[in-house]
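Quick notes on the structure that follows.
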Amino acid sequence: MDLPAELHRRSSDVPEGDVIVATGPLVIMAHGLLALAPEERAAFWIHSEAGDLDAAEAEEQLAGWSQLPH
């Protein structure tokens with residue numbers, strides 16, 4: 001949840017093919033990704049040492065983090 005993460009956007013305007021648009025804790029990047037309009041989310045993903053997350057995966061992670069332990 002608190003892992004350092006980067007929010008990326010696909011872009012044909014740069015040679016690398018993507019741009020880092022934000023950095024911060026994974027949970028904040030997940031909230032940021034889901035704050036985008038649904039039709040825009042496909043161009044974005046989150047990268048961290050735990051792996052890459054698209055919007056659907058970020059939403060699943062947030063739901064899991066929001067549940068109280070039993």
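Remember, predicted model here, so these are calculated numbers, not experimental data.
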Q. When you look at CD of E39, are more than 12 heavy atoms from neighbouring residues, nucleotides or ligands closer to it than 6.0 Å?
A. yes
Going by heavy atoms in the side chains, are [X] and [Y] under 4.5 Å from each other?
| X | Y | answer |
| --- | --- | --- |
| L62 | L34 | yes |
| T23 | L7 | no |
| L26 | L53 | yes |

Q: Of all the heavy-atom pairs spanning P4 and S48, show the shortest one and how long it is.
A: O-CB, 3.4 Å
Q) Hey, what do you get for CZ (R9) to CD (E40), rounding to the nearest 0.5 Å? A) 10.5 Å
Q | D2 CG to I28 CD1 distance, which is reported to the nearest 0.5 Å | A | 8.5 Å
(Q) Under the rule for side chain to side chain contact (heavy atoms under 4.5 Å, CB included), what residues qualify as partners of A58, not counting sequence neighbours? (A) A30, L33, I46
Q. For the side chain of R10 and the backbone of G17, is there at least one donor-acceptor N/O pair under 3.5 Å apart?
A. no
Q | Qualifying ring-ring contact (aromatic ring centres under 6.0 Å, His included) pairs, either residue in residues 25-53, two or more places apart | A | H8-W45
Q | Linked, directly or transitively: V27 and V21 (ILVMFWY side chains, under 4.5 Å) | A | yes
